Trainee: 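There's a structure below that I have some questions on.
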Number of protein chains: 2
Amino acid sequence: MQVQNQEEKENKDLLSGSKLTIADIAEELGVSKTTVSRAISGKGRIGKDTVQRVIECIEKYNYKPSSIAKGLANSKTYNIGVAFPADANLSSTPFFQVCLLGVCEVAAAMDYDVVVTTVKETDINLLKRIVDHNKVDGMILTRNFTNDIATEYLKQKGIPFVLVGSSEDDTVVQVDNNHREACEKLVSLLLADGVGRIALIAGDKKHIVNRSRCEGYYNALKNRGVDIEQDMVFSDCDSPVFIEQAVRYLLKKQTECIVCTDDVICAKVLSLLREEGYSVPGDMKVASFYDSVHLETNNPPVTAIGIDVEELGNVAGKRLIEIINGDISTHKTILDYEIHLRRSTQ
Amino acid sequence: MQVQNQEEKENKDLLSGSKLTIADIAEELGVSKTTVSRAISGKGRIGKDTVQRVIECIEKYNYKPSSIAKGLANSKTYNIGVAFPADANLSSTPFFQVCLLGVCEVAAAMDYDVVVTTVKETDINLLKRIVDHNKVDGMILTRNFTNDIATEYLKQKGIPFVLVGSSEDDTVVQVDNNHREACEKLVSLLLADGVGRIALIAGDKKHIVNRSRCEGYYNALKNRGVDIEQDMVFSDCDSPVFIEQAVRYLLKKQTECIVCTDDVICAKVLSLLREEGYSVPGDMKVASFYDSVHLETNNPPVTAIGIDVEELGNVAGKRLIEIINGDISTHKTILDYEIHLRRSTQ
DNA sequence: CTGAAAGCGCTTACAG
DNA sequence: CTGAAAGCGCTTACAG
């Protein structure tokens with residue numbers, strides 16, 4: 001008899017319509033909702049054995065508190081937002097995807113969920129939407145432009161947010177790698193190795209990250225007392241057409257090595273060189289940033305700055321939730337990078 | 001005086017602490033909350049001019065209803081979930097990223113937001129998390145295995161969900177391209193063009209989508225009366241190492257054309273052929289699926305089945321919200337594909 | 001240590 | 001056409 005009874009109840013949560021509430025648990029246990037709530041949250045004075053009983057009951061019936069109701073009561077959503085660039089050439093870089101993964105992981109571990117929204121350089125309506133409707137307790141931005149309107153908006157709103165990337169604005173909490181330093185070291189290493197005539201093909205300069213990498217390149221040359229030849233630096237060189245022009249020009253200029261500010265550019269450069277019958281590193285050395293699997297498994301393996309994008313998402317999520325919880329957070333977190341010297345520059 | 005007063009109020013929504021509620025609007029207008037609610041939702045009888053006044057007031061103060069409170073009252077969350085594979089070689093394919101983008105767009109347009117979660121082939125705890133905690137009104141799955149535990153779980157829960165992909169289970173709502181047919185047509189076209197000795201390099205067979213593509217390949221050969229040579233078909237050939245073995249073997253076998261079931265495989269194949277000094281299409285023809293930008297801008301451009309992944313996300317999102325709203329939905333939506341015959345097979 | 005009651009910001013049946 | 005009141009499922013100050 002007792003067994004049957006138990007089975008019946010255990011089936012309760014399997015029935016689609018009948019979601020269990022805190023009241024059901026309270027009733028079952030013959031205590032008040034207050035008590036159940038306290039046992040779950042651990043807040044307020046409450047008897048040890050009572051907690052035990054409540055916990056057991058909750059597990060028995062597989063009760064899950066409604067986080068939406070909890071949110072209403074606390075004026076919180078237990079959601080964090082992640083803004084995904086809808087205008088980037090997303091289709092070619094997995095950066096945002098992997099970063100999002102990192103955020104999801106850490107969020108779940110801290111009992112938060114992740115709401116995604118998209119932003120464009122000149123259109124942040126969808127971002128405003130989730131913020132204005134109170135769908136999230138905070139936001140993560142995954143890139144930064146000069147004069148970034150998303151950053152501006154969130155600052156003005158006063159909502160907690162974290163930037164994956166760098167900003168000159170000290171008031172925004174940032175998580176990033178030191179791209180300037182990384183590029184500087186990479187180029188310095190190449191120079192020290194005797195590689196000369198190093199060119200740079202860089203992406204959109206409106207992205208802070210590309211600026212930083214360029215800076216690093218210039219610094220390395222300066223520090224080594226190498227003359228900077230402006231025509232060996234291609235900025236805003238994102239499209240396949242521009243990259244092709246750049247490569248053709250550089251081939252004529254007796255360039256010895258091309259440093260690319262990201263893997264998408266690098267993939268195109270490698271592809272062009274092969275088409276034209278130039279060998280890497282024999283005829284041209286190549287190095288890149290970010291180090292997607294693609295570069296590592298390339299033949300020859302490509303020298304690159306490796307950054308842990310998932311970790312970037314992890315830390316950004318953690319920082320944001322800290323801020324939401326009122327903990328003070330470091331204003332800028334710099335994560336490590338690795339320089340992988342591989343055959344493409346040897 | 002009046003102007004100043006107005007400015008003061010307009011500032012209200014800028015102040016961080018003081019979120020406007022429906023009560024504020026009601027008070028301001030001297031009506032009841034009921035009336036304001038009705039004016040916004042358009043439900044129930046209500047005076048035209050009253051609606052007008054309410055709308056104006058709402059806009060003036062930039063009032064945004066809290067969707068979390070709305071959700072509690074309606075037992076809805078106004079969120080849909082998207083499950084992101086955390087174990088896929090995400091870093092190499094932008095498929096999920098672009099699909100997610102498509103879902104986000106359509107969701108926002110239908111006043112829903114998107115919560116992401118990750119799933120692994122053998123671990124759907126994070127999926128369970130958002131479902132059990134009532135964070136979403138429905139789910140979108142972005143891939144399907146044979147014996148998919150995520151599908152199984154959602155079915156058993158009875159929560160609305162849509163699969164981007166195909167399933168033999170007629171009770172699940174599906175959005176997909178006809179991969180079998182697409183592959184069949186592609187291979188048939190090649191055969192009709194006089195291309196012979198067509199090999200296939202296919203990814204993980206546990207993915208339904210890879211099975212379908214393989215089927216299409218076999219069908220095309222059968223229909224044309226071409227003998228199928230089993231050693232020209234490589235299944236479960238996902239890793240760079242396996243792909244390399246396959247390509248080397250096929251080169252010895254006088255293969256004329258390699259069809260790849262996805263772009264990641266294709267990129268690796270192209271790269272290998274170049275390294276070994278084989279020219280495409282001269283020494284070997286190559287065709288692929290999905291048609292990322294990478295293939296189109298390749299030199300030579302690569303023949304491929306083009307599918308609109310963003311559209312896939314769009315339709316999946318729309319279908320899901322329809323189901324949530326109680327509209328009956330078609331059980332299977334088949335989207336178009338395009339066959340791009342390009343130089344790599346000519 | 002425990003509970004009754006008010007409140008979070010909406011919606012909606014019921015009564016006018 | 002409009003409003004008072006109850007309710008969605010939680011939390012928490014207040015009282016015991």
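Worth saying up front: this structure is predicted, and the values here are computed from it rather than measured. Numbers restart at 1 for each chain; the letters A, B, ... are given by sequence-line order, proteins then strands.
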Trainee: When the distance from CG of A/D24 to C1' of D/dC10 is rounded to whole Å, what number comes out?
Mentor: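 Answer to the nearest Å: 13 Å.
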Trainee: Could you state the CD-C1' distance from B/E27 to D/dT2, rounded to the nearest angstrom?
Mentor: 18 Å
Trainee: When you check the gap from the basic side-chain N to the acidic O, do A/D148 and A/R143 get nearer than 4.0 Å?
Mentor: no
Trainee: Do B/D113 and A/R129 sit within salt-bridge range, that is, some charged N less than 4.0 Å from a carboxylate O?
Mentor: yes
Trainee: In dot-bracket form, how is DNA chain C paired, counting a Watson-Crick or G-U wobble pair only if both its distances are under 3.5 Å and using | for bases paired to another strand?
Mentor: |||.||||||||.|||
Trainee: Counting heavy atoms from C-beta on, name the nucleotide in D/dC8, C/dC1, D/dC1 closest to the side chain of B/A73.
Mentor: D/dC8
Trainee: Can you sort out the partners of B/N134 under side chain to side chain donor-acceptor pair (under 3.5 Å), two or more places apart, ordered by chain and number?
Mentor: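 Applying side chain to side chain donor-acceptor pair (under 3.5 Å) to B/N134 gives A/K19.
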Trainee: Given atom CG of A/L20 and atom P of D/dC10, what is their separation to the nearest angstrom?
Mentor: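 In whole Å, D/dC10 P and A/L20 CG are 9 Å from each other.
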Trainee: What integer distance in Å separates B/K70:NZ from C/dT12:C1'?
Mentor: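 Answer to the nearest Å: 14 Å.
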Trainee: Can a salt bridge be assigned to the pair A/R319 and A/E322 using a cut-off of 4.0 Å between side-chain N and carboxylate O?
Mentor: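 A/E322 and A/R319: salt-bridged.
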Trainee: Looking across every strand, which nucleic acid part, if any, lies under 4.0 Å from B/S37 by heavy atom: base, sugar-phosphate, or nothing?
Mentor: base
Trainee: Using atom CG of A/L72 as one end and atom P of D/dG9 as the other, report the distance to the nearest whole Å.
Mentor: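 Atom-to-atom, A/L72 to D/dG9, this comes out as 12 Å.
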Trainee: What distance separates A/Q97 CD from B/F96 CZ, expressed to the nearest 0.5 Å?
Mentor: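 So the CD of A/Q97 and the CZ of B/F96 are separated by 7.5 Å.
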Trainee: Determine the contact category for A/K33: base if any of its heavy atoms lies under 4.0 Å from a base atom, sugar-phosphate if only primed atoms, P, OP1 or OP2 are that close, otherwise nothing.
Mentor: base
Trainee: Would you compute the distance between atom CD1 of B/I124 and atom OG1 of B/T117 and round it to the nearest 0.5 angstrom?
Mentor: 10.0 Å
Trainee: Hey, does A/S66 reach any base, or is it just sugar-phosphate, or nothing, if we go heavy atoms under 4.0 Å?
Mentor: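 Counting heavy atoms under 4.0 Å across all strands, the contact made by A/S66 is with sugar-phosphate only.
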Trainee: A/N74 has an atom CG; how far is it from atom P of D/dG9, in whole Å?
Mentor: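 These atoms are roughly 17 Å apart.
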Trainee: Which is it for A/T34 and A/S37 under the side-chain hydrogen bond (donor to acceptor under 3.5 Å, both in side chains) test, yes or no, and what are the steps along the way?
Mentor: CA-CA 5 Å; A/T34 310; A/S37 175; over 6 Å; no
Trainee: Between A/I68 (CD1) and D/dT11 (P), how many Å, whole number?
Mentor: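 About 14 Å, once rounded to whole Å.
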Trainee: Measuring from the side chain of B/T35 (C-beta onward, heavy atoms only), which nucleotide among C/dC10, D/dG3, D/dC8 has the closest atom?
Mentor: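 For the B/T35 side chain, the nearest candidate turns out to be D/dG3.
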Trainee: So which one's nearest nucleotide on DNA chain C is more toward 5', A/A69 or A/S32?
Mentor: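 Result: A/S32.
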Trainee: Atom pairs, N/O to N/O, protein against nucleotides 13-16 of chain D, distance under 3.5 Å?
Mentor:
none

Trainee: Rounding to an integer number of Å, can you tell me how far A/L29 CG sits from C/dT2 C1'?
Mentor: 13 Å
Trainee: Pick out which of A/I130, A/V119, A/I80, A/T151 makes a side chain to side chain contact (heavy atoms under 4.5 Å, CB included) with A/M139.
Mentor: A/I130
Trainee: P atom, C/dC10 versus C/dC14: distance in rounded Å?
Mentor: 24 Å
Trainee: Select base, sugar-phosphate, or nothing to describe what B/T50 touches, counting heavy atoms under 4.0 Å on all strands.
Mentor: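 Sugar-phosphate, no base atom in range.
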